[in-house]
Amino acid sequence: MRRSEINAAQRAALALLREHRFQPPPWVTWTPADWAAAPEVSAYCRARQMGWDVTDFGSGDFARRGLLLICTRNGLLHTPGEVTYAEKLLVIGEGQVTPLHTHRHKTEDIINRGGGLLTVELATLDPATGTAGTAPVTVLTDGRARTVPAGEAVHLHPGESITLHPGTLHRFYAQPGHGPVLAGEVSAVNDDLTDNLFLDPVGRFPQIEEDEPALHPLWSDLPAPA
């Protein structure tokens with residue numbers, strides 16, 4: 001991805017947050033100089049993968065296959081004294097697909113915080129083959145059990161949520177014609193370096209072409225803890 005694409009996505013995300021009156025942590029709008037002036041906060045966030053995360057999943061087409069996330073809370077796995085939960089904001093464009101995947105460890109709620117209609121396609125992972133199974137999928141949506149055929153979707157209006165356990169494959173996007181979605185994710189502690197299991201190979205963290213200065217650094221731009 002080009003840095004200019006990332007900067008444009010960040011501007012659009014901040015505009016959507018303002019539209020829905022969602023105030024993120026102060027460091028979401030920090031510049032590179034702001035982060036450099038706060039090394040303790042920088043080290044804390046980098047270690048916990050907290051901050052901006054923009055990916056095109058290696059597609060080269062962010063608008064059609066990509067996702068912008070802001071991790072606002074997280075801990076460290078298997079570390080005494082750390083928090084045991086994580087929270088993210090997800091900005092999802094119309095028709096912008098996050099590919100089919102599940103997680104090895106974390107259970108998560110995906111919440112439509114505002115905007116359009118969030119479509120979540122579902123299947124179960126067949127552990128013997130590593131492929132999508134054909135059995136129906138049962139999930140909770142705000143405490144109500146719902147069963148759908150493999151490959152079919154649950155549609156979430158603003159305020160609605162879905163609970164996803166490890167082994168539940170999901171592919172999601174903002175339904176075209178309804179506007180972008182500001183979504184939330186509340187989960188167990190998250191490690192995007194090890195926990196994601198995509199059915200097709202993807203580039204989870206893009207190589208960045210630095211065609212202009214960074215507006216707001218990604219968490220992966222921050223210096224790694226010593």
Side-chain angles (χ1 to χ4, degrees), residues 22 24-25 45 47-53 55 57 67-92 96-114 117-174 181-200 202 204-205 219:
F22 194 106
C45 289
R48 291 159 182 80
Q49 302 172 24
M50 291 169 57
W52 290 96
D53 180 1
T55 181
F57 299 107
L67 184 64
L68 181 145
L69 312 94
I70 306 172
C71 182
T72 58
R73 290 164 184 82
N74 202 11
L76 297 172
L77 283 172
H78 314 303
T79 303
E82 282 288 324
V83 301
T84 57
Y85 51 84
E87 180 190 44
K88 293 182 180 181
L89 302 174
L90 290 69
V91 174
I92 308 165
Q96 185 184 43
V97 175
T98 291
L100 193 66
H101 69 287
T102 186
H103 301 285
R104 293 181 172 88
H105 302 293
K106 76 173 182 181
T107 295
E108 61 184 347
D109 277 9
I110 303 294
I111 309 114
N112 186 339
R113 297 288 192 193
L117 184 66
L118 180 59
T119 297
V120 185
E121 298 175 358
L122 300 166
T124 54
L125 179 67
D126 184 338
T129 63
T131 61
T134 59
V137 185
T138 299
V139 292
L140 288 177
T141 54
D142 299 300
R144 180 165 65 98
R146 298 175 63 176
T147 301
V148 299
E152 294 200 7
V154 168
H155 302 287
L156 302 176
H157 294 87
E160 295 181 332
S161 69
I162 186 170
T163 300
L164 301 167
H165 293 280
T168 301
L169 293 163
H170 46 289
R171 173 182 181 266
F172 57 83
Y173 49 92
V181 169
L182 174 60
E185 177 187 311
V186 176
S187 75
V189 169
N190 174 80
D191 183 353
D192 274 318
L193 299 175
T194 62
D195 194 51
N196 300 311
L197 180 60
F198 288 88
L199 253 61
D200 296 320
V202 302
R204 175 60 181 84
F205 297 99
W219 72 256

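Basis for what follows: all heavy atoms, side chains included, without hydrogens, waters or symmetry-related copies. As the structure is a computational prediction, the values presented were derived from the model and not from experiment.
In summary, Glu160 and Arg113 do not engage in a salt bridge, as defined by a charged side-chain N under 4.0 Å from a carboxylate O. A salt bridge does not link Glu108 with Lys88: every distance from a Lys NZ or Arg NE/NH1/NH2 to an Asp or Glu carboxylate oxygen is 4.0 Å or more. A salt bridge is absent between Arg104 and Asp191; no separation between the charged side-chain nitrogens and carboxylate oxygens falls under 4.0 Å.
Evaluation of the side-chain contact (heavy atoms from CB on, under 4.5 Å) rule for Phe22 yields Leu17, Leu89, Leu182 as partners, not counting sequence neighbours. When the side-chain contact (heavy atoms from CB on, under 4.5 Å) test is applied to Pro25, the partners found at least two apart in sequence or on another chain are Trp27, Val28, Thr72.
Val181 is not listed as a side-chain neighbour of Tyr173, based on a closest heavy-atom distance of 4.5 Å or more. Using a 4.5 Å heavy-atom cutoff, the side chains of Leu169 and His101 are not in contact. Put simply, the side chain of Ile111 does not reach to within 4.5 Å of the side chain of Glu185, judged on heavy atoms. Between Phe57 and Arg204, the closest side-chain pair of non-hydrogen atoms falls below 4.5 Å. In this structure, Val137 and Val139 have side chains that are in contact, with non-hydrogen atoms separated by less than 4.5 Å. Inter-residue side-chain proximity for Leu76 and Val189 is flagged as unmet; no heavy-atom pair is nearer than 4.5 Å. Arg144 places a side-chain heavy atom less than 4.5 Å from the side chain of Arg146. Contact check for Ser187 versus Thr107: no side-chain heavy atoms found under the 4.5 Å cut-off.
Here the OG1 atom belonging to Thr98 is positioned 6.0 Å from the CD1 atom belonging to Ile92, to the nearest 0.5 angstrom. Atom OG1 of residue Thr141 and atom CG of residue Leu156 lie 7.5 Å apart, to the nearest 0.5 angstrom. To the nearest 0.5 Å, atom CG of residue Leu67 and atom CZ of residue Phe172 are 5.0 Å apart. Atom CG of residue Leu118 and atom CD1 of residue Ile162 lie 8.5 Å apart, to the nearest 0.5 angstrom. Between Leu77 atom CG and Glu82 atom CD the span is 9.5 Å, to the nearest 0.5 Å. Separating the CD1 atom in Ile110 from the OG1 atom in Thr163 is a distance of 9.5 Å, to the nearest 0.5 Å.
Judged by distance alone, with hydrogens and angles left aside, the side-chain atoms of His155 form no donor-acceptor pair with the main-chain N or O of Ala153 at under 3.5 Å.
Contact detail for Val202 and Pro99: the closest heavy-atom pair is CG1-CG, 4.3 Å. Contact detail for Arg171 and Val97: the closest heavy-atom pair is NE-CG1, 3.6 Å. Shortest non-hydrogen contact noted between Ala123 and Ala132 is CB-CB, 4.1 Å. Considering all non-hydrogen atoms of both residues, Leu122 and His170 come closest at CD2-CB, 4.2 Å. Taking both residues in full, the closest heavy atoms of Pro158 and Gly114 are given as CB-CA, 4.1 Å, listed atom of the first, atom of the second, then distance. Looking at every heavy atom in both residues, Ala150 comes nearest to Gly133 through CB-O, 3.6 Å.
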Self-check item: Steps toward side-chain contact (heavy atoms from CB on, under 4.5 Å) verdict (Asn190, Tyr85)
Solution: CA-CA 8 Å; Asn190 174 80; Tyr85 51 84; over 6 Å; no

Exercise. For Trp52 and Leu69, run side-chain contact (heavy atoms from CB on, under 4.5 Å): C-alpha distance rounded to whole Å, both residues' side-chain angles, the deciding distance at 0.1 Å, then the answer.
Key: CA-CA 6 Å; Trp52 290 96; Leu69 312 94; over 6 Å; no

Quiz item: Can you list the steps and then say if Leu90 with Leu68 is a side-chain contact (heavy atoms from CB on, under 4.5 Å)?
Solution: CA-CA 6 Å; Leu90 290 69; Leu68 181 145; over 6 Å; no

Practice problem: Report the C-alpha distance between Phe198 and Leu100 in whole Å, list the side-chain angles of each, state the deciding distance to 0.1 Å, and finish with yes or no for side-chain contact (heavy atoms from CB on, under 4.5 Å). | Solution: CA-CA 6 Å; Phe198 288 88; Leu100 193 66; over 6 Å; no

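Side-chain contact check for Thr147 and Thr138: at least one donor-acceptor pair (N or O, by modelled atom type) lies under 3.5 Å. Counting only N and O atoms by type, the side chains of His103 and Asn196 include a donor and acceptor under 3.5 Å apart. Under the 3.5 Å distance criterion, with hydrogens and angles disregarded, no donor-acceptor pair is assigned to the side chains of Gln49 and Asn74. With hydrogens and angles left out, the side-chain atoms of Ser161 and Asp142 include a donor and acceptor closer than 3.5 Å.
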